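For reference, the structure discussed in these notes is given below.
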Amino acid sequence: MEKLRTLRGFRDVFGEEIQKFNLIENVSRKYFNLFGFKEIEIPVLEKTELFVRSIGDTTDIVEKEMFTFVDLGGDSVTLRPEATAGMVRAYLQEGLYAKERISKVFTIGSMFRHERPQKGRYREFHQVDVESFGTDDPLIDAELLWMITLILKELNVAEYTVEINSVGCKECRESFRDELVSYFETKKDHLCEDCLRRLERNPLRIFDCKNSQCIDVTQSSPFLFDSLCEGCQTHFETFLKHLNDFNIVININKRLVRGLDYYSKTVFEITSGDLGAQKAFVAGGRYNNLVEEMGGPSTPAIGFAIGVERLALITSIDALSGKPSYFFAYVGEEAKNYLVPILRSFISEGLSFNYAYEGKSLKSQMRFADSLCADYVLILGDDEIAKGIIVMRDMRNKNQHELSLDPQGLAKAVLKLTL
RNA sequence: GUGGGUGUAGCUCAACGGUUAGAGCAUCAGGCUGUGGUCCUGGGGGUUGAGGGUUCGAGACCCUUCACUCACCCCA
């Protein structure tokens with residue numbers, strides 16, 4: 001029989017990695033709450049159209065990376081490849097724009113992209129996603145980056161680069177596009193196949209190309225950054241000023257463009273050299289037109305996503321929580337009768353507890369306790385029962401104490417001794 | 001979609017084309033029938049990813065296929 005295993009690019013997350021995931025989520029939540037962001041959980045599965053319309057039908061994600069299928073009702077549905085589209089949909093569907101002047105929301109969960117898996121990239125991956133609707137003030141652009149740096153600091157991530165750029169508004173992009181196309185037309189024979197295709201459909205993406213010839217061509221090309229309209233330029237300069245106020249060190253990268261069509265003005269990426277090719281672990285930007293394009297009122301917005309797997313790769317986890325753990329070792333059937341009362345006592349005091357279900361030898365139980373890294377082992381056998389006591393062994397220094405055998409009061413007595 | 005690497009015990013890996021495929025770690029047990037980590041002894045655990053071929057003989061060589069992995073592409 002064929003062995004059952006996960007689908008390609010899908011994984012079981014456990015052990016140290018899940019601890020890191022939890023840590024990342026907890027630290028993120030903490031700061032989101034401090035900054036006034038509210039959690040919202042949105043569906044993993046949405047109508048395909050939602051993603052096609054928001055992300056853009058010429059993007060790689062939509063063209064070849066979505067888990068799309070027809071459901072039993074005949075609708076084309078898609079597992080979300082990113083969170084922003086669903087967040088915008090929720091913002092409109094739930095009428096948040098009418099309920100509050102500014103909506104600051106976040107969500108945490110799985111995303112799906114049908115790509116070839118490699119280090120730090122899987123078909124199911126996790127993102128922490130943050131969105132702010134309702135203001136174009138560059139102060140919030142800087143505030144988001146500040147919040148991210150605080151989270152990274154608490155997670156002990158020190159080696160990273162914040163790259164920022166502005167991709168302008170619709171208007172400056174429109175006029176720049178013609179300028180760019182005419183420049184690349186003259187360099188056509190130096191561009192790779194992909195870039196020739198990009199030239200037709202989405203010329204800005206040529207800046208994304210890793211091909212050395214294409215990079216050469218872009219060296220002397222005009223940059224959108226240099227032909228921003230006055231409004232976008234002021235927006236960017238104010239953004240820079242606020243970043244400086246928050247004491248955030250950044251790197252302006254005129255080549256930085258995003259792979260999704262909806263971005264405008266501010267875009268940013270946070271990268272780490274420790275991640276190899278998949279070096280971006282946080283990315284985001286402003287998208288002032290998307291809400292309107294999706295059928296809502298004209299609403300400026302900005303958001304970002306943290307790649308949890310990638311962040312976990314560069315996060316080192318400290319020692320586990322300081323709470324001691326206890327193990328109950330018993331010898332003989334009579335001792336086992338004390339198990340449940342003692343268990344109840346421990347749980348009601350909130351003490352972490354474990355034991356061997358089959359009795360086995362005391363030696364075996366001690367080994368088990370050791371393998372679980374128990375801090376204390378409570379030992380109960382015929383001798384102790386006869387004397388009305390229970391022995392508590394400190395596994396680190398091998399000291400043993402005798403406690404009176406009173407199941408109800410045992411946890412309290414143990415607490416007094418061990419804390 | 002393209003290219004490279006790798007598939008042998010739960011994990012990490014050995015085994016020149018030649019007995020019954022081994023070792024370390026892990027696990028279980030014993031030494032020490034009431035005390036963990038160290039030590040010693042032993043046990044269990046394998047369709048060598050799958051299928052075909054070459055050969056007297058294949059874990060090894062050839063072909064096919066699958067999977068994993070890294071990189072490209074793209075992205076978080």
Side-chain angles (χ1 to χ4, degrees), chain A residues 1-9 11 15 24 55 59-66 80-84 108-130 192-195 197-198 202 205 208-212 214 257-260 268-272 275-285 303-314 327 329-332 335 356 358-385 391-400:
Chain A
M1 199 170 76
E2 200 181 327
K3 276 182 195 165
L4 290 170
R5 48 175 7 270
T6 55
L7 293 169
R8 160 172 279 195
R11 315 176 305 137
I24 289 168
I55 298 169
T59 57
D60 279 24
I61 292 177
V62 169
E63 276 187 338
K64 52 190 185 190
E65 292 174 0
M66 297 205 301
R80 61 182 181 192
E82 55 103 50
T84 301
I108 298 176
S110 292
M111 309 295 152
F112 304 84
R113 291 185 199 171
H114 195 104
E115 303 174 277
R116 285 284 280 272
Q118 60 185 286
K119 188 185 176 119
R121 185 171 76 190
Y122 305 98
R123 290 184 172 183
E124 178 182 17
F125 59 103
H126 297 81
Q127 284 190 345
V128 171
D129 182 85
V130 175
C192 70
E193 263 181 55
D194 285 334
C195 283
R197 215 182 61 238
R198 291 183 181 119
N202 201 343
R205 303 294 308 286
D208 250 353
C209 191
K210 305 287 193 297
N211 184 306
S212 59
C214 299
V257 279
R258 315 261 47 257
L260 294 74
F268 57 87
E269 217 168 70
I270 300 182
T271 60
S272 165
L275 285 172
Q278 270 64 50
K279 63 195 179 98
F281 63 97
V282 180
F304 68 87
I306 300 173
V308 177
E309 278 81 358
R310 290 182 189 177
L311 181 50
L313 283 174
I314 53 175
F327 187 95
Y330 54 93
V331 184
E358 289 89 14
K360 299 195 177 177
S361 68
L362 182 57
K363 181 191 188 69
S364 168
Q365 292 185 65
M366 292 302 286
R367 279 188 180 153
F368 186 29
D370 191 53
S371 74
L372 293 171
C373 299
D375 298 300
Y376 299 93
V377 176
L378 294 141
I379 301 167
L380 185 66
D382 295 339
D383 297 353
E384 285 79 12
I385 291 170
V391 169
M392 185 173 76
R393 179 180 177 85
D394 184 329
M395 294 296 272
R396 291 161 299 195
N397 60 22
K398 302 185 181 186
N399 289 340
Q400 296 195 172

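First the proteins, then the strands, lettered A, B, ... as listed; each starts at 1. Values in this document were obtained by computation on a predicted structure and should not be read as measured data.
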Original post:
Under a 4.5 Å cut-off applied to non-hydrogen side-chain atoms, are Met395(A) and Val377(A) in contact?
Top reply: yes
Subject >> Rounded distance in Å - CZ (Phe368(A)) to P (A29(B)) >> reply: 11 Å
Original post:
Can you give the dot-bracket line for RNA chain B, where a pair is Watson-Crick or G-U wobble with both atom distances under 3.5 Å, crossing pairs use [ ], and | marks a partner on another strand?
Top reply: (((((((..((((....[...)))).(((((.......))))).....(((((..]....))))))))))))....
Subject >> Distance between P atoms of G30(B) and G37(B) (Å, rounded) >> reply: 13 Å
Close N or O pairs between protein and nucleotides 1-4 of chain B (under 3.5 Å):
from  : atom 1 : to        : atom 2 : distance (Å)
U2(B) : O4     : Arg116(A) : NH1    : 3.2
U2(B) : O4     : Arg116(A) : NH2    : 3.2
G3(B) : O6     : Arg116(A) : NH2    : 3.4

Original post:
Is any side-chain heavy atom of Arg310(A) closer than 4.5 Å to a side-chain heavy atom of Arg121(A)?
Top reply: yes
Subject >> Nearest-angstrom distance, P atom, A58(B) to A50(B) >> reply: 15 Å
Subject >> Whole-Å gap separating P (U69(B)) and NZ (Lys119(A)) >> reply: 12 Å
Original post:
With a 4.0 Å cut-off on heavy atoms, is Ser364(A) in touch with a base, just the backbone sugar-phosphate, or nothing at all?
Top reply: sugar-phosphate
Original post:
Touch check for Ala283(A), heavy atoms < 4.0 angstrom, all strands: base, sugar-phosphate only, or nothing?
Top reply: sugar-phosphate
Original post:
For nucleotides 31-37 of chain B, read 5' to 3', which letter fits each nucleotide if B means a protein heavy atom sits under 4.0 Å from the base, S means only the sugar-phosphate is that close, and - means neither?
Top reply: BB-BBBB
**OP:** Could you tell me whether the side chain of His114(A) reaches within less than 4.5 Å of the side chain of Lys64(A), counting heavy atoms only?
**Re:** no
Subject >> Closest approach of Gly9(A) to Tyr122(A) (non-hydrogen atoms, all atoms of both residues) >> reply: O-CB, 3.3 Å
**OP:** Using atom CZ of Phe268(A) as one end and atom P of A76(B) as the other, report the distance to the nearest whole Å.
**Re:** 11 Å
Original post:
Considering only the P atoms, how many Å lie between G4(B) and A21(B), rounded to the nearest integer?
Top reply: 35 Å
Original post:
Which word best sums up how the rings of Phe304(A) and Phe268(A) line up, parallel for under 30°, tilted for 30 to 60°, or perpendicular for over 60°?
Top reply: tilted
**OP:** Rounded to whole angstrom, note down the C1' distance from A26(B) over to U69(B).
**Re:** 24 Å
Original post:
Counting any heavy atom closer than 4.0 Å, what does Gly284(A) reach on the DNA or RNA strands: base, sugar-phosphate only, or nothing?
Top reply: nothing
Original post:
Of Arg11(A) and Phe125(A), whose closest RNA chain B nucleotide lies nearer the 5' terminus?
Top reply: Arg11(A)
Subject >> Non-hydrogen side-chain atoms of Arg123(A) and Leu7(A) separated by less than 4.5 Å >> reply: no
Subject >> Any Phe281(A) side-chain heavy atom under 4.5 Å of Ile270(A) side chain >> reply: yes
**OP:** Starting from C1' on C73(B), measure out to CD on Glu65(A) and report it in whole angstrom.
**Re:** 9 Å
Original post:
How long is the gap from CG on Leu380(A) to CG on Leu362(A), to the nearest 0.5 Å?
Top reply: 11.0 Å
Subject >> Distance in angstrom units between Phe112(A) CZ and A76(B) P, rounded >> reply: 16 Å
Subject >> Nearest-nucleotide 5' precedence on RNA chain B, Ile270(A) against Thr6(A) >> reply: Thr6(A)
Original post:
For Asp394(A), what residues pass the salt bridge (charged side-chain N to carboxylate O under 4.0 Å, His left out) criterion, not counting sequence neighbours?
Top reply: Arg396(A)
**OP:** Please name the pair of heavy atoms, one in Met66(A) and one in Ile61(A), separated by the smallest distance, quoted to 0.1 Å.
**Re:** CG-O, 3.2 Å
Subject >> side-chain N/O Gln118(A) vs U69(B) OP1/OP2, d < 4.0 Å >> reply: no
Original post:
In chain order, what residues pass the side chain to side chain contact (heavy atoms under 4.5 Å, CB included) check against Glu269(A), with sequence neighbours excluded?
Top reply: Leu256(A), Arg258(A), Thr271(A), Ala280(A), Ala283(A)
Original post:
For Lys363(A), what residues pass the salt bridge (charged side-chain N to carboxylate O under 4.0 Å, His left out) criterion, not counting sequence neighbours?
Top reply: none
Original post:
In whole Å, what separates the C1' atom of U20(B) from that of C72(B)?
Top reply: 47 Å
Subject >> side chain to side chain donor-acceptor pair (under 3.5 Å) partner of Ser110(A), chosen from Glu124(A), Gln127(A), Arg80(A) >> reply: Glu124(A)
Original post:
So what does Val128(A) touch, heavy atoms closer than 4.0 Å: a base, only the sugar-phosphate, or nothing?
Top reply: nothing
**OP:** Could you work out the separation of G59(B) and G17(B) based on their P atoms and round it to a whole Å?
**Re:** 13 Å
Original post:
Roughly how far apart, to the nearest Å, are U55(B) and U65(B) at atom C1'?
Top reply: 23 Å
Subject >> Integer angstrom distance from the P of A29(B) to that of U35(B) >> reply: 15 Å
